[in-house]
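Worksheet for the structure shown next.
Fair warning: this is a prediction, and the values are worked out from it, not measured in the lab. When a ligand or atom number is given, it counts from 1 through the structure's own listing order.
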Amino acid sequence: MSLRSRITGTGSYAPETVLTNSDLEKKVDTSDEWITERTGIKERRIAKSSETTSDLCLEASKNALQAAGLKAWELDLIIVATMSGDMPMPSTASLLQKKLGAKNAGAFDLNAACSGFLYGLSAADNFIKGGAVKRILLVGAEVMSKFIDWKDRSTCVLFGDGAGAVTLEPSRGKRGVLSTHLYSDGSMWDFICLPGGGSQHPPSSKTIKNKMHCIKMKGNETFKVAVRTLEKLVVDTLKKNKVKPSELSMLIPHQANLRIIKATAERLDLPMSKVAVNLHRYGNTSSASIPLALDEVVRAGRIKKDDYILLEAFGAGLTWASALIRW
Ligand code: UT7
């Protein structure tokens with residue numbers, strides 16, 4: 001029987017502070033009606049000024065390890081998918097390794113923006129199938145709120161902070177990660193970017209003045225590519241595995257926009273009762289959105305053994321990715 005990786009535990013964490021649409025009405029020229037209609041978002045969580053991405057990772061990871069019945073020292077590898085890490089160097093995964101006391105684990109970060117968790121899942125799956133490592137902690141975590149221009153209504157209403165974690169272990173049989181699919185098109189890099197702070201525009205008074213350390217997004221252009229790309233992606237992923245849409249138990253999409261999620265579900269003729277949606281409470285948490293939603297449906301008992309679960313994401317890069325799992 002073929003060797004697969006299987007998710008053996010899930011966990012999540014979001015900061016306590018809630019920022020509602022009506023709170024935002026007081027900060028910028030927007031309305032609850034506009035945000036709800038165009039995105040589906042009602043509120044998002046915001047980290048305290050002292051709270052870092054690795055702090056959020058730690059809480060989500062403790063929950064996932066407990067669910068899996070694993071101790072931190074049993075981990076062989078920690079992967080953190082993030083684009084808002086504690087600092088450019090060292091990796092947030094290294095800081096998490098220390099906080100967890102995961103003394104036997106290697107650690108690295110991975111940045112594929114909102115597709116980061118699924119890029120991480122693909123990497124973890126291949127590490128396990130290769131036989132080199134056995135127990136992996138994969139975390140998607142973001143403190144987006146610290147990279148937002150709170151005067152830019154086109155982005156500040158969209159994003160939120162959070163973390164989701166899974167443990168992956170080897171498994172023989174038909175359950176586990178069945179396939180992962182990764183894609184990118186860097187020609188549209190400027191659709192969503194955070195241009196300052198890297199080697200192209202190192203930090204300077206100019207980058208600060210021009211708000212280059214904040215996210216910029218061409219929302220409408222991104223929206224159109226996302227809908228078209230995700231509709232094809234979900235169909236192709238099921239075809240590759242010879243699974244019919246009617247056999248799918250749950251779609252767990254990246255939580256960027258309810259209209260995008262509905263269009264993807266419609267393409268598969270999937271009722272919304274089979275779609276995990278939590279963006280009304282968290283907004284777009286980028287690489288954290290899929291593991292946050294996954295943990296919620298697992299803990300609510302909405303996924304059963306042997307169910308087919310489809311995960312899909314789209315984000316900066318541009319990048320997009322999917323995974324089919326037999327639970
Ligand atoms: O997670 C990574 C991937 N990200 C995505 O997939 C996001 C994709 N994009 C989207 O979700 C949507 O494009 C947005 C929610 C960002 C924007 O929705 P839209 O329907 O594409 O609106 P728009 O950008 O075309 O803007 C429509 C109008 C504009 O006004 P005019 O030019 O028509 O007068 C904007 O200035 O809405 C205005 N607008 C706002 N109005 C009130 C933009 N932001 C706001 C706001 N409140 N917060």
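- Distances between N or O atoms of Ala316 and those of ligand 1 include no value under 3.5 Å.
- Contacts between Ile260 and ligand 1 below 4.0 angstrom, taking non-hydrogen atoms only, involve the side chain exclusively.
- The aromatic rings of Phe108 and Phe127 sit tilted, their planes meeting at an angle between 30° and 60°.
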- Item | Intermediate values then yes/no, side-chain hydrogen bond (donor to acceptor under 3.5 Å, both in side chains), Thr82 and Glu142 | CA-CA 6 Å; Thr82 188; Glu142 307 284 0; 3.2 Å; yes

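- For a threshold of 3.5 Å applied to N or O pairs, the pair formed by Arg153 and ligand 1 contains at least one separation below that value.
- Defined by atom type and a distance below 3.5 Å, a donor-acceptor pair is present between the side-chain atoms of Asp55 and Thr52.
- Which parts of ligand 1 touch Cys114 is read off a 4.0 Å heavy-atom cut-off, strictly below it: atoms 1 (O), 2 (C).
- For Asn220, heavy-atom contacts with ligand 1 shorter than 4.0 Å involve the backbone as well as the side chain.
- A donor-acceptor contact closer than 3.5 angstrom is absent between the side chains of Ser322 and His181.
- The shortest N or O to N or O distance between Thr39 and ligand 1 is not below 3.5 Å.
- Taking every heavy atom of both residues into account, Ile261 and Pro253 meet most closely at CG2-CG, 3.7 Å.
- Between Trp34 and ligand 1, an N or O atom pair is found at a separation short of 3.5 Å.
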